[in-house]
Amino acid sequence: MLNIVLFGAPGSGKGTQSAKLIDNYGLYHISTGELLRDHIARGTELGRTADKYISQGQLIPDDLMIRILDDVLDREAAGKEGVVFDGFPRTIPQAEALTGLLRKRGSDLHAVIGLEVPEDELVQRMLARGRETGRADDNAETIKNRLDVYHKQTMPLRDYYTKAGKYHGVNGSGIVDEIFRDIADRLEKHVGVRPKK
Ligand code: AMP
């Protein structure tokens with residue numbers, strides 16, 4: 001199995017690069033944000049709980065998020081060649097849990113790819129996405145909260161995974177295909193895998 005975390009601030013392009021990773025490496029995509037938005041759209045109980053946090057730009061509590069991920073790994077990722085984790089982990093407890101969740105399935109995390117994008121560009125990208133897609137948390141006030149939360153709760157993961165020798169930062173500004181080529185180079189160099197196509 002090849003398990004990759006795509007790491008980066010909100011608006012850094014995790015969704016776009018995930019799509020290319022799953023397409024080129026035959027991996028299964030788990031986006032915790034998309035999963036929660038799907039629950040909100042379907043009006044489930046989890047969706048109602050998640051909406052309270054998402055609309056404020058806050059994180060869903062770790063224990064709930066970890067249970068959801070455990071469940072998705074059982075139901076959907078079993079038997080797949082590997083997973084691209086997009087938007088998870090976002091805290092140190094989530095990162096520790098991920099190690100355990102993969103280990104109990106006889107697997108491991110192979111690489112964390114960090115998409116590094118200047119903050120003013122992140123804001124512009126999210127505002128544009130909000131206008132184009134109507135995504136509810138892409139408004140100026142919630143974006144500010146999401147970036148604060150990112151700095152306080154998620155950014156420490158960069159050091160955490162650097163110390164573990166798993167973090168590989170790439171420049172996330174510029175042309176989508178060039179960013180992807182950079183990611184593919186890192187995966188070949190550090191993990192020894194190549195795209196299937
Ligand atoms: P995203 O689509 O990854 O930007 O996520 C949108 C929102 O979903 C975030 O701002 C959080 O409120 C929530 N969310 C997504 N992933 C997580 C996670 N791993 N832990 C806690 N909250 C999350």
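Whatever order the structure lists ligands and atoms in, that order sets their numbers, starting from 1. Every value quoted in this text rests on a predicted model; they were computed, and no experiment measured them.
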Over 60° means perpendicular and under 30° means parallel, so tell me whether Tyr25 and Phe180 are parallel, tilted or perpendicular.
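It falls in the perpendicular class, over 60°.
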Minimum distance, heavy atoms only, to atom 11 (C) of ligand 1: which one of Gln94, Gln58, Arg146, Lys14 is it?
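Nearest option to atom 11 (C) of ligand 1, by heavy atoms: Gln58.
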Option set Arg135, Gln153, Met126, Glu34, criterion heavy-atom distance to atom 4 (O) of ligand 1, minimum:
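Among Arg135, Gln153, Met126, Glu34, the closest heavy atom to atom 4 (O) of ligand 1 comes from Arg135.
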Less than 4.0 angstrom from a charged side-chain N to a carboxylate O is my criterion; do [X] and [Y] meet it?
X      : Y      : result
Asp70  : Arg105 : yes
Asp148 : Arg146 : no
Asp138 : Arg129 : yes

Please list the nearest protein heavy atom to [atom] with its residue and the distance rounded to 0.1 Å.
atom                    : value
atom 16 (N) of ligand 1 : Thr32 OG1, 2.8 Å
atom 14 (N) of ligand 1 : Leu36 CD1, 3.7 Å
atom 22 (N) of ligand 1 : Ile60 N, 3.1 Å
atom 7 (C) of ligand 1  : Ile54 CG1, 3.9 Å

Does any N/O atom on [X] come nearer than 3.5 Å to any N/O atom on ligand 1?
X     : result
Arg37 : yes
Arg90 : yes
Gly87 : yes
Pro10 : no

Determine, step by step, whether Asn139 and Thr142 satisfy the side chain to side chain donor-acceptor pair (under 3.5 Å) criterion, reporting the C-alpha distance in whole Å, the side-chain angles of both residues, the deciding distance to 0.1 Å, and the verdict.
CA-CA 6 Å; Asn139 65 77; Thr142 311; 3.0 Å; yes
Please determine whether the number of non-hydrogen atoms from other residues, nucleotides or ligands lying under 6.0 Å from atom OH of Tyr53 exceeds 12.
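12 or below, so no.
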Got more than 12 heavy atoms from elsewhere within 6.0 Å of CZ, Arg194?
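No - once you tally the heavy atoms of other residues, nucleotides and ligands closer than 6.0 Å, there are 12 at most.
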